Enquirer: 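Sharing a structure with you now.
Numbered from 1 within each chain, the chains take letters A, B, ... in sequence-line order. Nothing here was measured: the structure is a model prediction, and the numbers come from that model.
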2 protein chains.
Amino acid sequence: MTTLENVAKLAGVSTATVSRTLNTPEQVESTTRAKVTDAIAKTGYKRNEMARTLASQSSRTIGLLTDTFSSSYFSPILEITTKILHQHGYFTLVEAMGSTPSTTSSETQNRAWHSLTSRQVESVILLSGLINDDLLRRMFSEFPSSVIIGQTIKGAEDRCVSFDHYKGGQLAAEHLLKKGHRQIAMIKGSSYREDSVERAQGFKDELAANNIKLDADAIFEGDYTVDSGRAATKKILKKRDNFTAIFSHNDDMAAGAISELHIAGVDIPNKMSIIGFDNSAIAQAVHPQLTSISQPIKAMGHSAAILALNLSKSQRNKNEFEQPQLRFSPEIIERHSVKQLNTVAEQ
Amino acid sequence: MTTLENVAKLAGVSTATVSRTLNTPEQVESTTRAKVTDAIAKTGYKRNEMARTLASQSSRTIGLLTDTFSSSYFSPILEITTKILHQHGYFTLVEAMGSTPSTTSSETQNRAWHSLTSRQVESVILLSGLINDDLLRRMFSEFPSSVIIGQTIKGAEDRCVSFDHYKGGQLAAEHLLKKGHRQIAMIKGSSYREDSVERAQGFKDELAANNIKLDADAIFEGDYTVDSGRAATKKILKKRDNFTAIFSHNDDMAAGAISELHIAGVDIPNKMSIIGFDNSAIAQAVHPQLTSISQPIKAMGHSAAILALNLSKSQRNKNEFEQPQLRFSPEIIERHSVKQLNTVAEQ
DNA sequence: AATCTTAATGTAAGCGCTTACATTAAGATC
DNA sequence: GATCTTAATGTAAGCGCTTACATTAAGATT
């Protein structure tokens, strides 16, 4: 292992000079800089980031904490986040709180949190999902430079990147209404998840604004998996036969619905329309391709990364970046799963 | 920030003793251990892993290097890998060589590699995909404790976890044959990818062994995306009208094929059977659910993690673990996309 | 009782860097 | 030419740990 000292000796300068040509080259004369650069090349010297962190008291790394690596949000967020951070000389450190939602024990949570803090991350980006509120709040207070995606925490709004789920629900209702649908079923997610509650509320409110009531017996619950979408759809088909559309709270459950409808011989979209949420990869893979409410997940990750950078030690007080966008709005991506009903016949 | 010294002072012992109660508690007397534990709790002391790494000359971290975070293999591998490594007190550090396959520039590659080595990883797990061979070989020689998943490197077979793609192709052919199919099309991946070449060869050979020739005009190429599966299927439908089955080199392309066949009004599996590869999440989401050749990706990740642990600094010469399985075999997961043909009528 | 073991603890020297401060050299200014 | 700036470099003190070695105390052994 070649060290700074080896390089210094070879170049005939002090370690401080080598360190400077690496970190602030403009502070060293071009001739010595050349000598040092040569020596580095010759020895194949590689910085030791651990030593650097210890000495400089800043790790230039930001943690990314998620519930589970298999969340559909995880990869895109990690991707964009890593990219932005790298551009500013920062590293990313990922950690999950449980491999499956049910595995999320407080032990794993603590381990993950410890792994992040003990490695001196300067900020952490929390990818909200099933992380329970208590833990979330604790982390937020323990770590004043942490940032969260997908949830708004009272009193720390400037560290939250959020999405307007309510408006997403409205958009879905509006679209279905515009297409002439009146008898609509909804497959929602967990009642314990705020995002799901908001989506449901927005949907209901928009229907109500058009004098349509979403009855309790038109609401079904799933757990975001394809299979739960199938199960819910079975119930939908059993319950009533006059639904013309289904609003699913995510695309996976919508895919399950499509699958079940195929099995039951119900033509999509002619006999049943479906609208999903998230515009995830699966929306384009099913048949018919799924109309979905899109969450600008990359843009949100981008904001979170900038935010984290702003809050991180080395950047603090530099205010290098403008304040990023914190609140994001849904967009509808129309594909082929929603049919325009003959409104004359329907009304 | 509380440090070891703070804790030591509070507990009235030396820093060495605190360090010992943390790392080798059996070496310290229970009464002093109690004092130290108390002090740690009172101060809320958290280890500084960076300092620890520097002092102990071992980082207890293993890198995971992938082409892209959005690979379908990435999440499961990361998940299992993190789990195993954590169980042995190790950290995981992930890095990608490019956000999209096309972004894989040598600059990003070097950055990723540097990020890993400069942070003192003791071993790195390479997730083979589009990583080009040159780079791969360089990494393998530069880093004798690196491990690779998905490829066998000559002369370093004991550091490679691989999958029998050839047998996978055979299995697909065998299944289709058994179900009575004779006119079969294949959607393959890139000819530059060894795994694809092997799958194709195994498939061909098995057909040939049953006196069926896979004509060149029955082979179509895709790039593993859903859309490329659609495009290939369009060509298939145009080319000949007597195919009864399609073998797709991955599930995404198979999903594309299903989608296109639906559009063309071709009934699956009655008029066309499909078999995919990888048994990824999408296989269960499409309709009909896709029969697929499964790659035991979790088991492979498990092996790679154990291998990496064996090769890592702190474990070396301990041979704590038995040599893990290095070669994995395919398994067919039957679902509903392949029909049993009336063989009498067919022959 | 003298000596030997052994277990528990302390002492202090780094690990490979960064950085405040000191030093030196060389123009600029008068 | 003496003094002042300023830029380039060096010196050395840590950053928060680990760990080889030294020390001490207390049984065990004779």
Side-chain angles (χ1 to χ4, degrees), chain A residues 1-37 39-40 43-61 89 91 114-115 117-122 313-314, chain B residues 1-37 39-40 43-61 89 91 114-115 117-122 313-314:
Chain A
M1 257 240 57
T2 43
T3 69
L4 248 202
E5 214 180 322
N6 299 332
V7 175
K9 220 160 269 174
L10 214 185
V13 298
S14 73
T15 60
T17 299
V18 179
S19 178
R20 284 191 200 101
T21 109
L22 246 23
N23 300 319
T24 50
E26 68 280 5
Q27 280 181 24
V28 7
E29 221 199 3
S30 61
T31 61
T32 44
R33 196 161 50 197
K35 282 191 293 184
V36 172
T37 313
I40 288 176
T43 55
Y45 169 76
K46 292 261 168 61
R47 247 191 196 135
N48 183 327
E49 287 291 341
M50 306 307 228
R52 210 178 161 212
T53 294
L54 190 58
S56 68
Q57 293 290 84
S58 80
S59 63
R60 288 163 297 275
T61 114
F91 298 110
H114 174 257
S115 156
T117 53
S118 70
R119 295 207 278 168
Q120 315 299 108
V121 295
E122 297 180 12
K313 180 169 293 169
S314 343
Chain B
M1 259 241 53
T2 42
T3 69
L4 248 202
E5 214 181 319
N6 299 331
V7 175
K9 219 160 269 175
L10 214 187
V13 298
S14 72
T15 60
T17 298
V18 179
S19 178
R20 284 192 199 100
T21 109
L22 246 21
N23 301 319
T24 51
E26 70 280 5
Q27 281 180 24
V28 7
E29 221 198 3
S30 61
T31 62
T32 44
R33 198 161 46 199
K35 282 190 294 182
V36 172
T37 314
I40 287 177
T43 54
Y45 170 74
K46 292 262 165 63
R47 248 191 195 137
N48 183 329
E49 286 291 341
M50 304 309 226
R52 209 175 164 216
T53 295
L54 191 58
S56 68
Q57 293 291 81
S58 78
S59 63
R60 288 162 296 276
T61 114
F91 298 109
H114 174 256
S115 156
T117 53
S118 70
R119 295 208 276 168
Q120 314 300 106
V121 295
E122 296 181 14
K313 179 169 293 168
S314 345

Enquirer: Which atom names give the shortest non-hydrogen contact between Gln57(A) and Leu54(A), and what distance separates them?
Expert: OE1-O, 3.1 Å
Enquirer: Search all heavy atoms of Ser118(B) against all heavy atoms of Phe91(A) and return the closest pair with its distance.
Expert: OG-CZ, 4.4 Å
Enquirer: May I ask you to evaluate whether Ser14(B) reaches the phosphate of dG10(C), defined as a side-chain N or O under 4.0 Å from OP1 or OP2?
Expert: yes
Enquirer: What is the distance, rounded to the nearest whole Å, between atom CZ of Arg119(A) and atom P of dG16(D)?
Expert: 19 Å
Enquirer: Do any of residues 17-37 of chain A sit with a heavy atom less than 4.0 Å from DNA chain C, and if so which?
Expert: Ser19(A), Arg20(A), Asn23(A)
Enquirer: Using only atom types and a distance under 3.5 Å, with no angle test, would you say the side chain of Thr43(B) pairs donor to acceptor with the backbone of Thr2(B)?
Expert: no
Enquirer: Give the rounded distance in Å between these two atoms: CE of Met50(A) and C1' of dG16(D).
Expert: 13 Å
Enquirer: So which nucleotide from dC17(C), dT18(D), dT18(C) ends up closest to the side chain of Ala55(B)?
Expert: dT18(D)
Enquirer: Are side-chain N/O atoms of Glu5(B) and Thr3(B) paired as donor and acceptor at under 3.5 Å?
Expert: no
Enquirer: Rounded to whole angstroms, how far apart are CG on Leu4(B) and C1' on dT11(C)?
Expert: 15 Å
Enquirer: Are any side-chain N or O atoms of Arg60(B) and backbone N or O atoms of Gly89(B), one a donor and one an acceptor, separated by less than 3.5 Å?
Expert: no
Enquirer: Using five base pairs at each end, measure the axis-to-axis angle across the helix from dA1(C)-dT30(D) to dC30(C)-dG1(D) and round it to 10 degrees.
Expert: 40°
Enquirer: Of the options Leu10(A), Leu4(A), Asn6(A), which is the one that meets Tyr45(A) in a side chain to side chain contact (heavy atoms under 4.5 Å, CB included)?
Expert: Leu4(A)
Enquirer: How many Å lie between NZ on Lys46(A) and P on dC17(C), as a whole number?
Expert: 13 Å
Enquirer: Using the side-chain heavy atoms of Ala16(B), tell me which of these nucleotides is nearest: dC17(C), dT18(D), dG10(C).
Expert: dG10(C)
Enquirer: Starting from P on dC17(D), measure out to CG on Leu54(A) and report it in whole angstrom.
Expert: 9 Å
Enquirer: Kindly say if Gln57(B) contacts the phosphate of dG16(C), meaning a side-chain N or O under 4.0 Å from OP1 or OP2.
Expert: yes
Enquirer: Of the candidate nucleotides dG10(D), dC15(D), dT18(D), which contains the atom at the shortest distance from the side chain of Val13(A)?
Expert: dG10(D)
Enquirer: Is a side-chain donor or acceptor of Thr53(A) paired with a backbone partner of Met50(B) at a separation under 3.5 angstrom?
Expert: no
Enquirer: Which whole-number value in Å describes the distance from Glu5(B) CD to dA12(C) C1'?
Expert: 12 Å
Enquirer: What is the distance from CZ of Arg52(B) to C1' of dG14(C), rounded to the nearest Å?
Expert: 17 Å
Enquirer: Grab the CZ-C1' distance between Arg60(A) and dC17(C) for me, whole Å please.
Expert: 10 Å
